[in-house]
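Remarks on the structure that follows.
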2 protein chains.
Amino acid sequence: MASHGARSRSGGRPTLEEVAARAGVGRGTVSRVINGSPRVSDATRAAVEAAVAELGYVPNTAARALAANRTDAIALVVPEPETRFFAEPYFSDMLKGVGAEISETEMQLLLIFAGSDRERRRLAQYLAAHRVDGVLLVSVHADDPLPDLLSQLEIPAVISGPRSAAETLPSVDSDNYGGGRSAVEHLLAGGRRAIAHITGRLDVYGAQRRVDGYRDALRDAGHEVDERLIEPGDFTEEGGRRAMTKLLARRPDLDAVFAGSDVMAAGARQVLREEGRGIPSDVALIGYDDSAIARHMDPPLTSVRQPIEEMGRHMIDLLLTEIADRRPAVSRGLERRQVVLATELVARASS
Amino acid sequence: MASHGARSRSGGRPTLEEVAARAGVGRGTVSRVINGSPRVSDATRAAVEAAVAELGYVPNTAARALAANRTDAIALVVPEPETRFFAEPYFSDMLKGVGAEISETEMQLLLIFAGSDRERRRLAQYLAAHRVDGVLLVSVHADDPLPDLLSQLEIPAVISGPRSAAETLPSVDSDNYGGGRSAVEHLLAGGRRAIAHITGRLDVYGAQRRVDGYRDALRDAGHEVDERLIEPGDFTEEGGRRAMTKLLARRPDLDAVFAGSDVMAAGARQVLREEGRGIPSDVALIGYDDSAIARHMDPPLTSVRQPIEEMGRHMIDLLLTEIADRRPAVSRGLERRQVVLATELVARASS
DNA sequence: AGGTACCGTGGGAGCGCTCCCACTTGTGAT
DNA sequence: ATCACAAGTGGGAGCGCTCCCACGGTACCT
């Protein structure tokens, strides 16, 4: 008597072997059918599929993971506290795109927050245990060690928003430079001349690029760039307020503000209101992200739209390719996989 | 030569066996140390721990799952579209509590949305594959088949918000009845007499209980309940607007409104404003959830606070107990595990 | 006719762990 | 000194799958 066989297993789920017996074929054949191999005759496939249905067979993921050395899961890592995740529409839109795309596959998506030190350590453990086949990294700051850890562990990863122009990881980004340009060009076209810019956190590459776009748009139109019109923000509403206050003090004559995010634009708006400046009569205001805030603001906010959901889709695609390429230890793909998606200016009443 | 050994394994991670060799002990001993068994001498334990550190050993989860028939993961299942998840602070607070509590353990938390039919089917597959040791169910409607599926698969589960008074699953809830009572008592104490109630979706048990609390509070204070003062909502802002409009039409003399959620209160507020009714001068308004909306409303909204984060913590505790109890096939715990937490009325300017 | 090429198939070996039995050694009771 | 028992340990068996080799059969070539 098999003493081990008596170990209480959960609900006696059918195994591959049992399906094979039922279908009158070998284990290998069932495995082939389950995994969609083409090297199975139609008759056999039908027989196996019938057996699978009758027995209600569902593959044991753990066994598969052990034997095949893959987990069929990928993680969406958010190196931020949960709070920010929920506060910013960026993340939820991203998640929506990612979720939609991944549901086309057999892969499982895990959402992991790594805001605190403690969470970081857990994440490191988790990655070291290779519990996922790949990682999606969103909102990574320039000095974050996470990407290095990932490449050291040889875990495929895709980053949203490259950390610099020299990003080595495959990445998906929107055209921040072009977005910045279009905002300024729009304001210039509206006859504005003293255009201020409240930047995002400058350790975020995308924020830098928006500044570059701002500068170049002005120069190309034959205007000089007055550094007093540029004030760094931090993507928060409060930061927007502070920046707006400073700008107003330095250049009371400004007639337009391009904020690096809708949230900062909201902060700026408050200050402009308090100072009695009409929007857009006295000062035109334009944000970035085209989030719900923009639509609901009074007046509705002109904003630069990033196709965030689409970015999420692309990230999954890149990652899956990356994972698939990892199988044969061939070609370290020198063709850098960097996707950049176009932005779109959504004009509303604020400009 | 072992032809299979050549299979390209990921990065040659150290195995239990290698740790054992390094520490000069057997496999079993290392396993005991890793799993914190007390039946190991201190000296041996130290040696093993040293070997683990030197080799950077991390257990292979798949192998462990296969051998031990557990996954060390639990899922938080949200039977709603992502959109609602992000829109309602309820979920993020819940997630915060759950996340905090689970990070005390070795368990992994998965977030699964099951809003669409398609997602439902994926979830069913997922559960059938027993990829998690237990499930946390939030926001389940009365007729949802999910709980049955779970019990059929013998997967431990805990529900937030029982589906009815006869809920069989372990559950964690706040005292909706008491919350409803306290809202009404507060309004009565403020001298209000014609108190309306905009209910939540009545297929949500908690919403029913709030209505019960509303009714009983009025009766106990010697007032009759006028059914024209009760109008069902659906937890949305638009629903709040609609309900408020109807109530005003039916009982223009009402002097207070108890809304079943802050979001609905926000909708009600808009209508009251449009009708020129002052808050709280003409009509006192009170919400439920004490969400961010309540604090930022104009005027700030009195609301009934549920300790959602704490509820999340309790859910994890219950679930872990449930999972642990599942090991020996003993006592089908007849002592129903139902936790009910107290609510708290937060008085602000709207009442 | 024999040879060569597949195709479809069966099943051994092995993935890295846990579980449990059997064994050795140390301790205290007799 | 002898026995009983516990504490600590080693390692076989097995979890359910994938991978790959080997095999028989059919089709096509020379």
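Reminder, nothing fancy here: chain letters follow the sequence lines and each chain counts from 1.
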In whole Å, what is the span from the CZ atom of B:R45 to the C1' atom of D:dA7? 13 Å

Under the salt bridge (Lys or Arg N to Asp or Glu O under 4.0 Å) rule, what do B:D72 and A:R131 come out as? Steps first, then yes or no, please. CA-CA 12 Å; B:D72 291 326; A:R131 294 186 69 166; 6.0 Å; no

Value in whole Å for how far the P atom of D:dC15 lies from CZ of B:R70: 17 Å

Nearest 0.5 angstrom please: A:I74 CD1 to A:L110 CG, how far? 8.5 Å

Does the side chain of A:N35 get closer than 4.0 angstrom to OP1 or OP2 of D:dT18 through an N or O atom? yes

N or O in side chain of B:S41 less than 4.0 angstrom from D:dT9 OP1/OP2: yes

Report yes if the side chains of A:F85 and A:L95 come closer than 4.5 Å at any heavy-atom pair, otherwise no. yes

Mind running a 4.0 Å heavy-atom check of residues 22-31 of chain B against DNA chain C and sending the residues that fall below it, in number order? B:R27, B:S31

CG of A:L16 versus C1' of D:dC15: gap in Å, rounded? 13 Å

Can you check whether B:L341 reaches B:D173 side chain to side chain, under 4.5 Å on heavy atoms? no

Mapping A:E17 and A:R32 onto DNA chain D by nearest heavy atom, which one lands closer to the 5' end? A:E17

Closest heavy-atom pair, A:Q338 versus A:P170, reported as atoms and distance to 0.1 Å, is OE1-C, 4.0 Å

Could you give me the CA-CA distance, side-chain angles and deciding distance for B:R120 and B:D144, then say whether salt bridge (Lys or Arg N to Asp or Glu O under 4.0 Å) is met? CA-CA 11 Å; B:R120 292 297 271 232; B:D144 197 307; 2.7 Å; yes

Just report the end-to-end axis angle for the helix from C:dA1-D:dT30 to C:dT30-D:dA1, five pairs per end, to 10 degrees. 40°

In this structure, are over 12 heavy atoms from other groups packed under 6.0 Å from B:E106 atom CD? no

Consider the side chain of B:A68, meaning its heavy atoms from C-beta on, and name the nucleotide among D:dC17, D:dG8, C:dT18 that approaches it most closely. C:dT18

A quick test of your reading: do over 12 heavy atoms of other residues, nucleotides or ligands sit less than 6.0 Å from CG of B:D148? yes

Side-chain contact check for A:A67: nearest option of D:dT9, D:dC17, C:dG16 is D:dC17

